[in-house]
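Notes follow once the structure below has been shown.
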Amino acid sequence: MEKKNLDWANLSFAYMKTDKRFVANFKGGAWDEGVLTDDDRVIITECAGVLQYSQSCFEGLKAYTTEDGHIVCFRPDLNAERMERSCLRLEMPVFPKERFIEAVVQTVYANRAWVPPYGSGATLYIRPYMFASSAVIGVKPADEYQFRILVTPVGPYFKGGVKPITIRVSDFDRAAPHGTGNIKAGLNYAMSLHPIMDAHRQGYAENLYLDPATRTNVEETGGANFIFITKDGKLVTPRSDSILPSITRRSLIHVAQHYLNMTVEERAVPLTEVASFAEVGLCGTAAVISPVGKIVNHGEEICVPSGMDAMGPVLTKLYDTLTGIQMGRIEAPEGWIKNIA
Ligand code: PLP
Ligand code: COI
């Protein structure tokens, strides 16, 4: 199939309408079989649960063109499992894992002309999401839901690609203790919009959120988990019940241990420890690994030794290995790559 005529190398992280999207409806206690459709519009009642009480959740994963020309996606089973946890926490019906994976495959296949070519630096972002579609006015879960998958070709999440960014320690929290920080609820992102706009107005690319219970440990940013490299080459990453369990982070832990022979520590990371690290990165599907060059804590600047010019050497090795696995240059662990075409 002929590829779309896009300037692949210069895409930003933005929505572009593609040809097909997957839609399934939950009604009368069951999911219908779902369809691929050209229609990008959603028609719901003015009183839909998603509009009144934000009952919605979503996922994010990517499809890649491999070096040998196949189209694949990365660990969709883990997105299905995480969405199941989001749905249970939000009293929404689960879209079964095998059907989730099949719907991802079908949607990407139907839009294969939009999957950026190998080597272009772009990827196809896949956004599965679910929302309450029937009316509620008392505070309660809706009876009907819609599950959809849209895809859109994207470039780097942060302007400048893999150039180090400057972030700030936020006075806002992204999650409550025992709240919804560990699921991918739309409401977590709604409440991050003011902090992120405020950060941008002050010249920062993102917010570093602290743990909401004690405000002493590093949690994550609005859209990515942290990974730190110690001066002796260990990977340290925050463990907390209120951060989103990133699939990229979990994959990088495996890559560090089994491909790069590194020691990994998953534990609380006090903000006071951050100045001691050699490299700092943000990791996620959208962010991949984005290096952090500077962290500003209320006027105090923490300058990461790897600097503002380029990603440090250990993060670069992790980045090259992970993207090598995703794009078929390096053999993947069993079950990580789902072949689509
Ligand atoms: N943390 C938050 C708050 C996110 O929105 C994301 C993006 O999905 C991540 C972390 C990274 O998770 P993943 O690697 O599964 O994309
Ligand atoms: C992702 O990485 O898939 C996300 O959902 C993060 C979002 C901020 C774009």
Side-chain angles (χ1 to χ4, degrees), residues 11-16 56-64 73-86 89 100 104 108 122-130 149-159 165 167 170 172-176 179-193 195-197 199-200 205-212 218-227 235 237-256 266 269 281-290 292 318-319 322-323 325-326 336:
L11 293 178
S12 58
F13 196 88
Y15 171 74
M16 185 183 292
S56 75
C57 62
F58 69 99
E59 272 303 322
L61 67 161
K62 281 176 172 172
Y64 308 84
C73 69
F74 185 68
R75 310 189 78 179
D77 51 327
L78 296 191
N79 295 95
E81 288 169 12
R82 190 169 62 189
M83 192 163 200
E84 173 167 352
R85 291 193 297 276
S86 297
R89 176 69 175 78
F100 178 104
V104 166
V108 173
T123 50
L124 189 77
Y125 186 68
I126 306 166
R127 171 56 63 86
Y129 58 110
M130 192 191 295
I149 302 176
L150 66 81
V151 299
T152 184
V154 295
Y157 189 64
F158 292 105
K159 276 196 225 91
I165 56 172
I167 63 174
S170 175
F172 299 99
D173 294 328
R174 74 169 281 282
T180 55
N182 57 3
I183 59 161
K184 218 161 159 55
L187 58 91
N188 293 343
Y189 299 81
M191 54 58 57
S192 76
L193 296 177
I196 190 71
M197 290 312 290
H200 288 168
E206 250 292 5
N207 288 297
L208 179 160
Y209 293 105
L210 296 171
D211 75 285
V218 176
E219 293 252 290
E220 60 173 327
T221 64
N225 283 179
F226 276 102
I227 48 175
L235 189 160
T237 185
R239 186 197 290 279
S240 156
D241 291 338
S242 44
I243 67 178
L244 190 79
S246 158
I247 293 162
T248 313
R249 171 175 52 91
R250 287 181 267 162
S251 304
L252 285 169
I253 288 174
H254 182 93
V255 164
E266 207 180 342
V269 179
L282 303 180
C283 70
T285 298
V288 193
I289 298 179
S290 300
V292 175
L318 284 161
Y319 181 98
L322 180 70
T323 55
I325 289 170
Q326 290 165 333
W336 279 24

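We count ligands from 1, going down the list as the structure has it; atoms in each ligand are counted the same way.
A salt bridge does not link Glu219 to Arg174: none of the charged side-chain nitrogens sits closer than 4.0 Å to a carboxylate oxygen. Between Lys184 and Glu59 there is no salt bridge, since no side-chain N of the basic residue sits under 4.0 Å from a carboxylate O of the acidic one.
Applying the 4.0 Å criterion to heavy atoms of Lys184 picks out, from ligand 2, the atoms 4 (C), 5 (O). Taking every non-hydrogen atom of Phe58 and a distance limit under 4.0 Å, the qualifying atoms of ligand 2 come out as 5 (O). With ligand atoms numbered from 1 in the order given, ligand 2 contributes 6 (C), 8 (C) to contacts under 4.0 Å with heavy atoms of Gly223.
In this structure, Leu235 CG and Ile227 CD1 are separated by 5.5 Å, a value rounded to the nearest 0.5 Å.
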Which pairs of N or O atoms, one from ligand 1 and one from the protein, are separated by less than 3.5 Å, and what is the distance for each pair?
residue: ligand 1; atom: 1 (N); partner: Glu220; partner atom: OE1; Å: 2.5
residue: ligand 1; atom: 5 (O); partner: Lys184; partner atom: NZ; Å: 3.0
residue: ligand 1; atom: 5 (O); partner: Tyr189; partner atom: OH; Å: 2.5
residue: ligand 1; atom: 8 (O); partner: Lys184; partner atom: NZ; Å: 2.8
residue: ligand 1; atom: 12 (O); partner: Ser246; partner atom: OG; Å: 3.4
residue: ligand 1; atom: 14 (O); partner: Ser246; partner atom: OG; Å: 2.6
residue: ligand 1; atom: 14 (O); partner: Ile247; partner atom: N; Å: 3.2
residue: ligand 1; atom: 14 (O); partner: Thr248; partner atom: N; Å: 2.9
residue: ligand 1; atom: 14 (O); partner: Thr248; partner atom: OG1; Å: 2.5
residue: ligand 1; atom: 15 (O); partner: Arg82; partner atom: NH1; Å: 2.8
residue: ligand 1; atom: 15 (O); partner: Arg82; partner atom: NH2; Å: 3.1
residue: ligand 1; atom: 15 (O); partner: Ile247; partner atom: N; Å: 2.8
residue: ligand 1; atom: 16 (O); partner: Thr285; partner atom: N; Å: 2.9
residue: ligand 1; atom: 16 (O); partner: Thr285; partner atom: OG1; Å: 2.6

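Only side-chain heavy atoms of Arg127 come within less than 4.0 Å of ligand 2; its backbone N, CA, C and O stay farther off.
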Check step by step if side chain to side chain contact (heavy atoms under 4.5 Å, CB included) holds for Ile165 and Leu282. CA-CA 10 Å; Ile165 56 172; Leu282 303 180; 3.7 Å; yes

Quick one: do Tyr125 and Phe13 satisfy ring pair (Phe, Tyr, Trp, His ring centres under 6.0 Å)? Show the steps, please. CA-CA 9 Å; Tyr125 186 68; Phe13 196 88; 5.2 Å; yes

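Looking at heavy atoms from C-beta onward, Arg249 lies in side-chain contact with Glu266 at the 4.5 angstrom threshold.
At least one N or O atom of Ala286, backbone or side chain, sits closer than 3.5 Å to an N or O atom of ligand 2.
Compare Tyr125, Tyr189, Tyr157, Phe13 by their heavy atoms: the one nearest to atom 8 (C) of ligand 2 is in Tyr157.
Within the 6.0 Å centre-distance limit, the rings of Tyr189 and Phe58 are counted as a close aromatic pair.
Checked by atom type, the side-chain pair Thr180/Arg89 shows no donor-acceptor distance below 3.5 Å. When only modelled atom types and interatomic distance are considered, Thr221 and Asn207 share no side-chain donor-acceptor pair under 3.5 Å.
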